[in-house]
Amino acid sequence: RKKADRGMERGRVEDKEQGMRDSVAAMARCYRGFNPTAYLQYNYTPPRADFSRDDSIVLWKLGCLHRAFTEGDVVGETLVDVGSGPTLYQVLSGCEVFGRVVLTDFLDVNRRELRRWLGEEEGSFDWTPYLQHVCKLEGRGPSAWQEKAARLRSVVTEILPIDVHQPSPLPPGALPSPGADCLVSSFCLESVSPDLASFTRALGHVSALLRPGGHLLLIGALGESYYMGGPGVRIPVVPLDEAQVCASLRASSYALLHLSTYTLPPDMRVGVDDVTGIFFVKARKM
Ligand SMILES: C[S@@+](CC[C@H](N)C(=O)[O-])C[C@H]1O[C@@H](n2cnc3c(N)ncnc32)[C@H](O)[C@@H]1O
Ligand SMILES: O=[N+]([O-])c1ccc2c(c1)CN[C@@H](CO)C2
């Protein structure tokens, strides 16, 4: 009887694990159609990136990142950006603090888009307004943006493939043994995980990249169930609330240092997703 029960239990565990593998594979298929140019257009040009509106999302995000990187507690050599996509705004403050910035993404099209800007190739996305704004936040005046661009190009040492659903998300040997000193990740985990359990597991995998005492700066979507990764490319998202984000952080042994949220003004709901709010977390790995 007990032997039969053990067999049944093993079968149930195997079915659950197969289910996890299937849903992760289905999510990877969704990303085949991801279009970096469209994604940048949807989220990083006006109205969502309108530098003349003080309630614009991008000013809020850049402000959160600037404060988090300049409070004096975030120190070290290596910063890893998890799921960079085709965007660089998330490391414009961090690049002044760290001598080594590692960008990562699941898709080669995104890694190539990052290399285009870093290699100053023509046709790459124009991050100038972002560079200028962060220079202003740093009290350097917007004319210092070329210096910041040069700094960023000098500290980005690698653009690596990553899969947050793997227990070791990065290629072996990518990081020094204690791990990165700081992780930043924006709109990645909830946008690549089929469900909340998968999101929490992915946070655990990513946390293994961070040394104890290191900091995590996490930006993500609240209450979002899908977003367009390109024309006709609908990507499912885990709808999160603040309590779930905090519970997942606790499960990965983080001490929450700061949480703030932004509620989208109605005119920034432009049909490319159903996001209602955005969270910014600064946490420390215990
Ligand atoms: C919504 S985009 C976020 C891009 C950027 N960080 C930003 O702030 O806009 C999500 C990113 O996660 C990447 N991604 C998809 N599956 C992934 C996986 N299994 N592991 C890590 N990243 C993944 C996608 O290629 C995409 O660039
Ligand atoms: O408002 N924004 O600045 C902004 C930027 C990026 C993204 C969103 C919103 C919401 N969707 C996520 C993907 O799940 C990506």
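Quick note: residue numbers are just sequence positions, from 1. Both ligands and their constituent atoms are indexed starting at 1 by order of listing. Bear in mind that the values here come from a model prediction, so they are computed numbers and not experimental data.
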* Structure fact -> For Tyr226, the hydrophobic cluster (side chain heavy atoms closer than 4.5 Å, chained through members) also holds Tyr42, Met228, Val270, Val272
* Protein heavy atom at shortest distance from atom 20 (N) of ligand 1 -> Val164 N, 3.0 Å
* Compute the minimum heavy-atom distance from Tyr42 to ligand 2 and say whether it is under 4.0 Å. => no
* To do: Could you work out the complete set of other residues in the hydrophobic cluster of Val24, with links drawn between I, L, V, M, F, W and Y side chains under 4.5 Å apart?
  => none
* Nearest protein heavy-atom contact for atom 15 (C) of ligand 1: which residue, which atom, what distance? -> Val192 CG1, 3.3 Å
* Between Phe187 and ligand 1, which part of the residue brings a heavy atom under 4.0 Å of the ligand: side chain, backbone, both or neither? -> both
* Which of the listed options, Leu40, Val192, Asn43, Leu222, holds the heavy atom that is closest to atom 8 (C) of ligand 2? -> Asn43
* How far apart are the C-alpha atoms of Arg111 and Asp108, what are their side-chain angles, what is the distance that settles it, and do they pass the salt bridge (charged side-chain N to carboxylate O under 4.0 Å, His left out) test? -> CA-CA 5 Å; Arg111 299 194 296 269; Asp108 183 51; 3.8 Å; yes
* Where ligand 2 meets Ser191 - atom numbers and elements under 4.0 angstrom, heavy-atom basis -> 13 (C), 14 (O)
* Region of Glu190 that comes within reach of ligand 2 [heavy atoms, distance under 4.0 Å] -> neither
* **Region of Met268 engaging ligand 2 - heavy atom pairs below 4.0 Å** => neither
* Asked: Mind checking whether Asp273 has a heavy atom under 4.0 Å from ligand 2?
  -> yes
* Heavy-atom nearest neighbour in the protein, as seen from atom 2 (N) of ligand 2, with distance rounded to 0.1 Å -> Ile57 CG2, 3.6 Å
* What part of Tyr89, side chain, backbone, both or neither, has a heavy atom within less than 4.0 angstrom of ligand 2? -> neither
* Starting from atom 13 (C) of ligand 1, which protein heavy atom do you reach first, and at what distance in Å? -> Asp105 OD1, 3.4 Å
* Would a distance-only check, ignoring hydrogens and angles, find a side-chain to backbone donor-acceptor pair under 3.5 Å from Tyr44 to Phe125? -> no
